[in-house]
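One structure is given here, and the rest of the page talks about it.
It should be emphasised that the depicted structure is a prediction, and the values quoted were computed from it without experimental measurement. Ligands are counted one by one from 1 in listed order, and the atoms in each one are counted from 1 as well.
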Amino acid sequence: MSVPFASVETAFLPDAVGRPVRLRGWVLRSRSSGGILFVVLRDRSGSIQVTGKKDVLGPEAFAAAEHVQVEGAIAVEGTVATDPRAPGGREVRAQRIDVLDAGAPFPIFSDQTEEFRLDHRHLAIRSQEHVATFRVKAELLRAFRDFLDREGVLETTPPVLSGNAAEGGAEAFRFDYFGRPAYLSQTAQLYLEALLFPNERVYALTPSFRAEKSRTPRHLTEYLHLEVELAWCDLDGLMDFTERMIVAGAHAVADRRPAELKLLGRPPAELAALSAPFPRLSYAAAIDRLSAAGLPLRWGSDLGTAEERALTLEEKAPIFVTRYPRELKAFYMLPSADDPRTVEAADLLAPEGYGEIVGGSCRDTDLERLTHRLEENGVDPKEYDWYLDLRRHGNVPHAGFGLGVERVLRWLLRREHIRETTPFPRTPSRHTP
Ligand code: ATP
Ligand code: MG
């Protein structure tokens, strides 16, 4: 029989029954009883039961196939049959099973500690939950890219290593660059602003690095940062854009990955029901709401995990918190025209207590004020002269935001910890495997 290799899903096509098929992949589980081997074979398209009889395969081939471990690799030739007892109602009756790699005993099974699984992450990521997460993540990235493309926003590629620490340096990873100091990027924003002027609307999807020892369920030291910068945009325009992008992402995932969402405990209908506009509330109003709820916050203090949680626990959609005190935010944010104590910033907080997922603002276009604010932060403006140059040549109003891809996924997929949304999580206590 010399049919070409096909994927598992083809065995579930309506006309597949009775036809010869060749499959290859990995063993999810297997057992044998009474001279019959039952193997569940997995490939990228799904899984199917394969049965092999000793008298059909021959005693040697049967024995070899019997010894294949979980996650061993095999190739199968056989015929598709219906079997109501098999998962999915179909099975492949094998005429031949070739062992590609019998495999060592697979070290991952249930009841192991989280620490053990993290030490064996390179193998643990073969689980159904991880695979479902990878697929949703890919779908979300595709949806965001499609959305940005439709909106005429150009994808650009700013650097991730730089001689400047974009936001001051306290939380930047510093390293030696041929004898000079260099930093891993915490944000691509300053470069995106430079890229904005020739392109008007730009975005970048790059890793950002934060050297913060925050052991919270929402901080990684390396995460995927989707940053957008838009010319001619004010704070309302920025929020409109942000919420449409989030809705597009949630809808695409609900539409194209319902099985994965269900597996991970998020009913797809909840994401399909998400709609814009999202509620908007000023920092001042948020403080009032918090103190009424028994969480008094002094004006000028940042919203912590408890505050963000209290504001969003009962919400079904994300909410924007706007106009923060200027000392809480980066030097490049535009002061509000009617209140110099606040800046034109908008953070988006995910519902159900998942916390901040997007941080955005209008960028200050005033050269003198920017210079002054750098000095206030103890930074020599000379180091940022290239950035300040942007205010000397065709300075126009613009705004932008940074979205933490894993933060959004943590909310969409209801994951307890952000590390479950990335294959090889980097945290203060772990940067291997
Ligand atoms: P937080 O207060 O939660 O630490 P931040 O104010 O430091 O967030 P920004 O500097 O505004 O965050 O970064 C933009 C976005 O990047 C955030 O809204 C969030 O989605 C994401 N983000 C920031 N820090 C991290 C991190 N350590 N791990 C994962 N995502 C992050
Ligand atoms: Mg932070």
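The existence of a salt bridge linking Glu356 and Arg218 is excluded, since no basic side-chain nitrogen approaches an acidic carboxylate oxygen closer than 4.0 Å. For the pair Arg44 and Glu9, the salt-bridge criterion is not met [side-chain N within less than 4.0 Å of a carboxylate O]. A salt bridge links Arg414 with Glu270; the closest basic N to acidic carboxylate O contact falls under 4.0 Å. The pair Glu115-Arg430 counts as a salt bridge, with a side-chain nitrogen and a carboxylate oxygen less than 4.0 angstrom apart.
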(request) Check step by step if salt bridge (Lys or Arg N to Asp or Glu O under 4.0 Å) holds for Glu327 and Arg341. (result) CA-CA 8 Å; Glu327 58 270 28; Arg341 293 181 311 155; over 6 Å; no
(request) Start with the C-alpha distance between Thr187 and Ser208, add both sets of side-chain angles, then the distance that settles side-chain hydrogen bond (donor to acceptor under 3.5 Å, both in side chains), and finish with yes or no. (result) CA-CA 6 Å; Thr187 166; Ser208 275; 5.6 Å; no
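Counting the atoms of ligand 1 from 1 in the order shown, those under 4.0 Å from a heavy atom of Val358 are 18 (O). Near Glu212, the atoms of ligand 1 lying under 4.0 angstrom from a non-hydrogen atom of the residue are 27 (N). Close approach of ligand 1 to Gly402 (heavy-atom distance below 4.0 Å) involves ligand atoms 14 (C), 15 (C), 18 (O). Heavy-atom contacts of Gly359 reach the following atoms of ligand 1: 18 (O) (cutoff under 4.0 Å).
Between Lys329 and ligand 1, no N or O atom pair is found at a separation short of 3.5 Å. Note: no N/O pair closer than 3.5 Å links Ile418 and ligand 1 by distance alone. For ligand 1, the polar-atom distance check against Ile357 finds a nitrogen or oxygen pair separated by under 3.5 Å.
Around atom 18 (O) of ligand 1, the closest heavy atom drawn from Arg218, Glu222, Glu356 belongs to Glu356. Summarising the contacts of atom 9 (P) of ligand 1 with His225, Arg210, Gln186, the nearest heavy atom is found in Arg210.
Aromatic ring pairs are classed by plane angle as parallel below 30°, tilted from 30° to 60° and perpendicular above 60°; the pair Tyr384 and Tyr387 is perpendicular.
Contacts with ligand 1 closer than 4.0 Å are made by heavy atoms of both the backbone and the side chain of His219.
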